[in-house]
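Okay, structure first, notes after.
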Amino acid sequence: MNRQSYPSLKKVLTETPTDTAERQQLLANPAFGKVFTDHMVTVRHTKADGWVDAKVEARKNFTFSPGTTVLHYGLEIFEGLKAYRQADGGVALFRPDANAKRFANSAKRLALPPLPEELFVESVIALTETDRDWIPEQDFSALYLRPFMIATDATLGLKPADDALYSVIASPVGSYFKGGAAAVSLWVSDHFTRAAPGGTGDAKCGGNYAAAMVAQLEADRQGCDQVVFLDAVERKWVEELGGMNVFFVFDDGSIQTPPLTGTILPGITRDSIIRLALDMGITVREERYSIDQWQQDAKSGRLVEAFACGTAAVVTSIGKVKGNRHEFTVGNGEGGEMTAKLKGALLDIQYGRVADPHGWMIKL
Ligand code: PLP
Ligand code: COI
């Protein structure tokens with residue numbers, strides 16, 4: 001991408017930064033996604049001028065016409081990535097280039113204007129640098145960055161976006177699951193599906209999450225933490241959770257995860273776990289796994305562990321699985337060695353405690 005083809009980010013800092021004592025109080029126990037930093041990135045797109053007006057500025061509310069297309073037709077995509085405090089006191093981002101690429105794919109799928117991948121990476125670096133003091137220091141905490149794009153044409157006409165807004169906000173976060181859950185329970189949704197072939201399952205668009213909400217309510221009613229979705233065609237193959245990919249660990253030391261067939265999100269954590277497992281000499285299969293087989297293997301002991309993974313959830317063991325036709329416990333219900341080993345290897349790289357053999361960390 002030609003450097004001239006996107007605007008430079010201007011920094012206009014807030015005149016009313018959060019005072020240090022208040023910030024420290026907010027950072028003491030940030031939970032997930034409830035606290036926001038002082039600044040944000042905004043870049044506008046118009047049909048005539050392309051991407052313009054790139055800024056890091058004070059975080060503020062948006063003002064839109066009630067006719068704005070995103071409000072009616074859900075033309076929205078987003079990303080999620082983290083900046084980590086490093087063991088040497090520095091700060092680094094994990095694989096922002098991979099998020100930039102996925103964002104570009106999501107934009108293409110929703111016919112939103114393509115954002116230069118370099119601008120995406122520059123924008124998350126610039127916001128992290130600006131709000132560096134907002135990166136929490138506790139174990140397992142980080143600054144979660146949420147880049148997103150919305151269509152801003154003010155029309156009820158159903159048409160692809162000409163005008164759009166790209167923005168990045170940042171939120172200091174701790175554990176995604178309350179109390180840093182040792183293992184989560186899953187509800188098997190055999191009625192609601194998340195994505196169908198030809199749909200938007202492999203794009204990170206708000207609509208996917210909106211459509212999954214009712215299934216999450218069902219999981220809540222059943223006393224489960226998360227939903228595990230099955231494929232939309234045969235209602236048989238395990239796909240992913242509402243916001244995480246899934247891995248299975250077998251008694252022969254191999255691991256397996258559903259293949260990227262277009263209906264699941266190509267997780268960056270998923271990809272990283274696969275590479276780390278291969279580095280360790282672990283056999284990795286990207287193959288379909290049915291919910292019935294999962295139950296049978298959990299009961300026979302062939303399956304010893306299962307875990308969910310994603311930027312927000314990191315790596316979290318799956319303890320119990322329940323559905324209208326299924327009910328089983330995975331291993332001892334609390335996770336196991338393989339999950340701990342892969343999680344440890346990933347976190348050690350992300351927090352700069354070991355060398356970064358794949359060049360994943362972008363140091364600020
Ligand atoms: N699957 C879904 C539906 C997600 O929302 C996420 C989270 O981003 C993931 C998987 C994991 O993706 P990543 O590891 O890139 O965060
Ligand atoms: C992420 O892990 O970044 C996500 O987008 C998942 C979301 C459910 C918070």
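All of these numbers come straight from a predicted model, not from anything done at the bench. First listed ligand is number 1; within each ligand, the first listed atom is number 1.
Any N or O atom pair closer than 3.5 Å counts here, and Pro266 shares no such pair with ligand 1. Between Glu240 and ligand 1, a contact under 3.5 Å exists for at least one N or O pair. For Lys204, a nitrogen or oxygen atom sits less than 3.5 Å from a nitrogen or oxygen atom of ligand 2, counting backbone and side chain alike.
Side-chain atoms of Ser317 never come within 3.5 Å of backbone atoms of Phe307 as a donor-acceptor pair (strictly under, hydrogens ignored). Between the side chain of Asn208 and the backbone N or O of Thr200 there is at least one donor-acceptor pair closer than 3.5 Å. Side-chain atoms of Arg102 come within 3.5 Å of backbone atoms of Pro266 as a donor-acceptor pair (strictly under, hydrogens ignored).
Those atoms of ligand 1 with a heavy atom of Arg194 less than 4.0 angstrom away are 3 (C). Those atoms of ligand 2 with a heavy atom of Phe78 less than 4.0 angstrom away are 5 (O). Atoms of ligand 1 lying under 4.0 Å from any heavy atom of Arg102, numbered from 1 in the order shown and given with element: 12 (O), 13 (P), 15 (O). Which parts of ligand 2 touch Gly80 is read off a 4.0 Å heavy-atom cut-off, strictly below it: atoms 3 (O). Close approach of ligand 1 to Gly242 (heavy-atom distance below 4.0 Å) involves ligand atoms 3 (C). Taking every heavy atom of Gly310 and a limit of under 4.0 angstrom, the matching atoms of ligand 1 come to 11 (C), 14 (O), 16 (O). Remark: ligand 2 atoms within the under-4.0 Å shell around heavy atoms of Thr311 are 2 (O), 3 (O).
Classification of Asp163 and Lys47 as a salt-bridged pair fails, no side-chain N sitting under 4.0 Å from a carboxylate O. Electrostatic pairing of Arg23 and Asp19 does not count as a salt bridge here, judged by no charged N lying under 4.0 Å from a carboxylate O.
Closest to atom 6 (C) of ligand 2, if we only count protein heavy atoms, is Gly243 O, 3.8 Å. Looking from atom 12 (O) of ligand 1 to the surrounding protein, the closest heavy atom is Gly267 CA, 3.4 Å. Ranking the protein heavy atoms by distance from atom 5 (O) of ligand 1 puts Tyr209 OH, 2.5 Å first. In this structure, the protein non-hydrogen atom closest to atom 8 (O) of ligand 1 is Lys204 NZ, 2.8 Å. Scanning all protein heavy atoms for the shortest distance to atom 9 (C) of ligand 1 gives Gly243 O, 3.6 Å. Summary of contacts: the protein heavy atom closest to atom 16 (O) of ligand 1 is Thr311 OG1, 2.6 Å. Thr269 OG1, 2.5 Å is the protein heavy atom nearest to atom 14 (O) of ligand 1. In terms of protein heavy-atom proximity, atom 8 (C) of ligand 2 is closest to Tyr176 OH, 3.5 Å. Nearest protein neighbour of atom 2 (O) of ligand 2, counting heavy atoms only, is Ala312 N, 2.8 Å.
Aromatic pair Trp134/Phe36: ring centres not closer than 6.0 Å. No close placement of the Phe78 and Phe103 rings is indicated, their centers lying 6.0 Å or farther apart.
The closest approach between Glu79 and ligand 1 stays at or above 4.0 Å for every heavy atom of the residue.
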Apply side-chain hydrogen bond (donor to acceptor under 3.5 Å, both in side chains) to residues Asp139 and Tyr351 and explain how you reach the verdict.
CA-CA 9 Å; Asp139 271 355; Tyr351 286 96; over 6 Å; no
Start with the C-alpha gap between Asp220 and Gln216, add the side-chain angles, then the distance that decides, and say whether side-chain hydrogen bond (donor to acceptor under 3.5 Å, both in side chains) holds.
CA-CA 6 Å; Asp220 295 344; Gln216 182 61 42; 3.1 Å; yes
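Just one residue in the list Phe177, Phe140, Tyr176 forms a ring-ring contact (aromatic ring centres under 6.0 Å, His included) with Phe32, and that residue is Tyr176.
Side chains of Asp38 and Thr14: a donor-acceptor N/O pair is absent below 3.5 angstrom, by distance only. A donor-acceptor pair shorter than 3.5 Å cannot be found between the side chains of Arg59 and Thr37.
The part of Arg146 lying near ligand 2 is the side chain, judged by heavy-atom distances below 4.0 Å. Of the heavy atoms in Tyr144, only side-chain atoms (C-beta onward) come closer than 4.0 Å to ligand 2. When non-hydrogen atoms are compared, ligand 1 lies under 4.0 Å from the backbone of Met244 (N, CA, C, O) but not from its side chain.
Going from atom NZ of Lys101 over to atom CD of Glu79 covers 12.5 Å, rounded to the nearest 0.5 Å.
Between Pro113 and Ala164, the closest heavy-atom pair is CG-CB, 3.7 Å.
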